[in-house]
Amino acid sequence: MDAYQNQMKVLSHNLLLIILETLDVTQEELNWAISTHDAQAVLQLNSYPSCPNPSQAIGLAPHTDSLLLTLLNQSGVSGLEIFVEGLGWSQVQPIEDAFVVNVGDLLHIFSNAKFPVLTHRAMVNQSKHRISVAYFHGPPVESKVAPSSKFQKPCFKSLTVKEYLILKAKQFSNALSLIRK
Ligand SMILES: *[C@@H]1O[C@H](CO)[C@@H](O)[C@H](O)[C@H]1NC(C)=O
Ligand SMILES: *[C@@H]1O[C@H](CO)[C@@H](O)[C@H](O)[C@H]1NC(C)=O
C-alpha cells in the first residue's frame, strides 16, 4: 500500500505539472498544487461483488471527485461510467496498463472550469467481481483554493480546501454551483 501510494504521488505530481503548464500559473500557485508537505494522498479500495441483476443495484452513486486529481485502476473489469451531456451514461472501458485520470472539483475551481469535472458512477457486473483502486490527490486542507490569478474573470469564490470539503459533504453535487460567482 505504501509503495503504491508513493508511486501514485509521483505520477500525480508529474501529471499536475503537465496540466498546469498549459494554464501558465505562477510559481506560488504551482507549489500549492504540487506541494508534498501536508498534501492529501488518499488510497481507496473498492470491491463490487458480481450481481445477478446489475440494473437493480447501485455500485457507486453518481458523483464528482472532490480533490485535484484521481488516478484509478479498474483492474480489467468495466463498470465505470461517465455522464456525457446529450449522450447520457457512457462506459469507460479499462485499458491494459493504463490509469483513468479524473479531474476533481479543486482542479475545476483552480482552472476556472477549463479542466471540467465529469460526473461518474460505478456499475456492478453480472458475472465478474470488480475491484478498483482509486488514489485521490489534493493540496493541504488548510490551504486556500480559488481560480488561478491568471483568470481575469474568476467564476468561483475563494475558500479554504477544508471549507469546500465541508460544503461538499453537505451539498454533494450542488457544492460547485454554490460557490459560483
Ligand atoms: C461486465 O464485464 C464485462 C467484462 O469486462 C463487460 O464486457 C461488461 O460490459 C460488464 N457489464 C457491465 C454492466 O458493466
Ligand atoms: C491495475 O491492477 C492490476 C491488478 O488488479 C495490475 O495487474 C495492473 O498492472 C494495474 N495497472 C496499472 C496501470 O498499474
Side-chain angles (χ1 to χ4, degrees), residues 1-23 30-111 114-141 161 165 168 172-174 176:
M1 287 300 135
D2 278 347
Y4 189 88
Q5 202 158 1
N6 285 335
Q7 295 278 319
M8 293 298 102
K9 221 179 257 185
V10 173
L11 182 56
S12 39
H13 275 197
N14 293 340
L15 287 171
L16 280 167
L17 279 176
I18 295 168
I19 291 171
L20 298 180
E21 216 163 69
T22 69
L23 292 176
L30 189 63
N31 291 345
W32 168 81
I34 62 166
S35 78
T36 41
H37 186 65
D38 287 342
Q40 300 179 71
V42 181
L43 204 54
Q44 183 178 301
L45 311 175
N46 302 308
S47 169
Y48 307 93
S50 60
C51 169
N53 200 348
S55 64
Q56 300 293 307
I58 293 175
L60 201 56
H63 66 282
T64 61
D65 294 341
S66 300
L67 302 183
L68 284 172
L69 273 190
T70 306
L71 306 178
L72 180 77
N73 182 342
Q74 305 202 66
S75 59
V77 179
S78 60
L80 175 65
E81 296 188 346
I82 52 171
F83 191 79
V84 186
E85 215 56 64
L87 256 179
W89 291 104
S90 169
Q91 240 184 30
V92 179
Q93 292 295 349
I95 298 171
E96 210 186 329
D97 292 331
F99 292 102
V100 174
V101 178
N102 262 328
V103 168
D105 298 346
L106 296 183
L107 185 53
H108 182 102
I109 297 168
F110 181 66
S111 71
K114 209 168 167 190
F115 285 91
V117 286
L118 272 183
T119 300
H120 53 277
R121 66 180 184 184
M123 304 300 282
V124 288
N125 198 289
Q126 193 156 19
S127 55
K128 290 190 174 157
H129 180 178
R130 176 171 183 265
I131 300 227
S132 75
V133 181
Y135 171 79
F136 302 97
H137 192 87
V141 282
V161 170
L165 294 176
K168 178 84 184 272
F172 304 106
S173 53
N174 289 330
L176 276 179

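When a ligand or atom number is given, it counts from 1 through the structure's own listing order.
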Measure up the F110 and W32 rings against each other and bin them: parallel (under 30°), tilted (30 to 60°), perpendicular (over 60°). tilted
Measuring only between side-chain heavy atoms, which start at C-beta, is L165 closer than 4.5 Å to L67? yes
Residue portion contacting ligand 1 (non-hydrogen atoms closer than 4.0 Å) for P54: neither
Among the heavy atoms of K128, does any lie under 4.0 Å from an atom of ligand 1? yes
Run the contact test for Q93 against ligand 1 with a 4.0 Å cut-off on heavy atoms, strictly below, and give the result. no
Quick one, list the residues around ligand 2 where some non-hydrogen atom comes in under 4.0 Å, by chain and residue number. N73, S75, D97, A98, F99
Hey, are the side chains of L176 and I109 touching, using non-hydrogen atoms and a 4.5 Å cut-off? yes
Is it the side chain, the backbone, both or neither of Q126 that has a heavy atom closer than 4.0 Å to ligand 1? neither
Please identify each residue that fulfils side chain to side chain contact (heavy atoms under 4.5 Å, CB included) with T64, with sequence neighbours left out. D105, V117, T119, K168
Ring pair (Phe, Tyr, Trp, His ring centres under 6.0 Å) against H63, all qualifying residues, sequence neighbours excluded: H120
Note, P94 side chain near S78 side chain (heavy atom, < 4.5 Å): yes
In chain order, what residues pass the ring pair (Phe, Tyr, Trp, His ring centres under 6.0 Å) check against Y4, with sequence neighbours excluded? none
Side-chain contact, heavy-atom cut-off 4.5 Å: V103 with P116? no
